[in-house]
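Accompanying notes for the structure given below.
All heavy atoms count here, side chains included; hydrogens, waters and symmetry mates do not.
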Amino acid sequence: MLLSAGSADCAQEARPLGKPAPSMDAWLNEAKASPNASKIGMYLTHSGTVRETAKAAVRNGDEAAVPVKGMQFSYDAAKVSAAVKDTYRLDGIYYVKAWLNAGTLQVGDDIMRVLIGGDIRPHVVDALQYLVGRLKEECVTETELH
């Protein structure tokens, strides 16, 4: 799924499985050509990948956690769209783009990519944390494969 906009309206594009993640360079070029580009002083990106270390190990310090071999990943498109639209309501945010993978993923595969453009660093940092947090907490289902 690809969500993008230079305004609060979002375009959606299905991503066939097996196709590589979008280019951040291409995304940045697109953002810099958007109608609101003159208001943007900073861009931040997030590129999440499947890691070998289990969540229980990195979040809870569980040293007995079994390494991950992959992940079953899915998302709710309506919730993703709502999260992207809500990100535009944050102070100083003028560009938001998000892409999410789906299916059975292997260690090293891309899970999601996010690009945020805004006026100043604190606004952009806050918006990136806000959107990635919402995506991870409300929009996706991840099942580690051991």
Open item on the list: Surrounding NZ of Lys136 (heavy atoms of other residues, nucleotides or ligands, distance under 6.0 Å), is the total greater than 12?
Closed with: yes

Specify the closest pair of heavy atoms between [X] and [Y], including all atoms of both residues, with the distance to one decimal.
X      : Y      : value
Val80  : Tyr75  : CG2-CD1, 4.1 Å
Tyr43  : Gly117 : CD2-CA, 3.6 Å
Ala21  : Asp110 : CB-OD2, 3.4 Å
Phe73  : Val140 : CZ-CG1, 3.5 Å
Arg113 : Ser47  : NE-OG, 3.3 Å
Ala83  : Leu135 : CB-CD2, 4.4 Å

Task: Ser34 side chain to Ala31 backbone, donor-acceptor under 3.5 Å - done: yes

TODO: Please confirm whether the backbone N or O of Asn36 pairs with a side-chain atom of Tyr95, one donor and one acceptor, at under 3.5 Å?
DONE: no

To the nearest 0.5 Å, what is the distance between [atom1] ([X]) and [atom2] ([Y])?
X      : Y      : atom1 : atom2 : result
Ile40  : His123 : CD1   : NE2   : 13.5 Å
Lys97  : Ile116 : NZ    : CD1   : 12.5 Å
Asp126 : Leu90  : CG    : CG    : 8.0 Å
Thr104 : Asp109 : OG1   : CG    : 10.0 Å
Lys79  : Glu138 : NZ    : CD    : 7.5 Å
Gln106 : Thr49  : CD    : OG1   : 13.0 Å

Open item on the list: Grouping I, L, V, M, F, W and Y whenever their side-chain heavy atoms are under 4.5 Å apart, do Leu131 and Val125 come out in a common cluster?
Closed with: yes

For a 4.5 angstrom cut-off between non-hydrogen side-chain atoms, does [X] reach [Y]?
X     : Y      : answer
Val68 : His146 : yes
Thr87 : Arg134 : no
Glu30 : Leu115 : no
Thr45 : Trp27  : no

TODO: Could you check Asp86 against Tyr130 for side-chain contact (heavy atoms from CB on, under 4.5 Å), going step by step and ending with a plain yes or no?
DONE: CA-CA 10 Å; Asp86 289 348; Tyr130 170 81; 3.4 Å; yes

